[in-house]
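Residue numbers start at 1 and run along the sequence shown. Order of listing sets the numbers, starting from 1, for every ligand and every atom in it.
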Amino acid sequence: MEDCIFCKIINKEIPSSIIYEDENVIAFNDINPIAKIHILVVPKKHILDLTCVDSDETLNQINYAIKEITKTNGMDKDGFRVITNIGKNGGQAVPHLHFHVLGGEILPTR
Ligand code: 5GP
Ligand code: ZN
């Protein structure tokens, strides 16, 4: 979708630190991390937010990617958080569905 920053990252029109990619999902480091590990897991299809998901397949694809990513950095053993924000009051700044995967210590706010 035009003017969507995450679609631009998906299309490699703007750079990001990609740590996982498959046919359906991309994951990259958050530009402004709030935890030692802060990865954004994003479906390649432009979907506004979690309430707009209309197929189990999309959720399975995201869950698969999260499991693959967390295997590579020990988070599968240590545990981690997954957060998705929805709408203005939910603190969603980027209107393209994404899951924050947070591991390790939470960083002090600046
Ligand atoms: P939201 O508040 O929408 O749930 O989270 C959006 C997240 O995207 C924020 O944590 C923000 O730091 C991150 N973000 C926004 N723009 C960019 C960008 O251009 N590159 C990367 N890597 N992260 C971004
Ligand atoms: Zn998008």
Query raised in the report: Looking only at heavy atoms, what is the nearest atom pair of Asn32 and His38, with distance?
Result: O-ND1, 4.2 Å

Requested in this report: If the plane angle is over 60° it's perpendicular, under 30° parallel, otherwise tilted; pick one for Phe6 and Phe28.
Outcome: perpendicular

Query raised in the report: Do the side-chain N and O atoms of Asp76 and Thr70 include a donor-acceptor pair separated by under 3.5 angstrom?
Result: no

Query raised in the report: Looking at Leu97 and Val42, what are the two nearest heavy atoms and their distance?
Result: O-CG1, 3.6 Å

Query raised in the report: Considering all heavy atoms of both residues, which atom of Pro43 and which atom of Ile10 are nearest to each other, and what is their separation?
Result: O-CD1, 3.7 Å

Requested in this report: Would you confirm whether Asp22, through its side chain, and Asn24, through its main-chain N or O, come within 3.5 Å as a donor-acceptor pair?
Outcome: yes

Query - Shell of residues surrounding ligand 1, defined by a 4.0 angstrom heavy-atom cut-off that is strict - result: Ile5, Phe6, Ile9, Phe28, Asn29, Asp30, Ile31, Asn32, Leu40, Asn85, Gly91, Gln92, Ala93, Val94, His98, His100

Query raised in the report: Which single N/O/S atom of His96 lies at minimum distance from the Zn ion (ligand 2)?
Result: ND1

Query raised in the report: Vertex the Zn ion (ligand 2): angle to ND1 of His46 and SG of Cys7, to 10°?
Result: 110°

Query raised in the report: For the side chain of Gln92 and the backbone of Gly87, is there at least one donor-acceptor N/O pair under 3.5 Å apart?
Result: yes

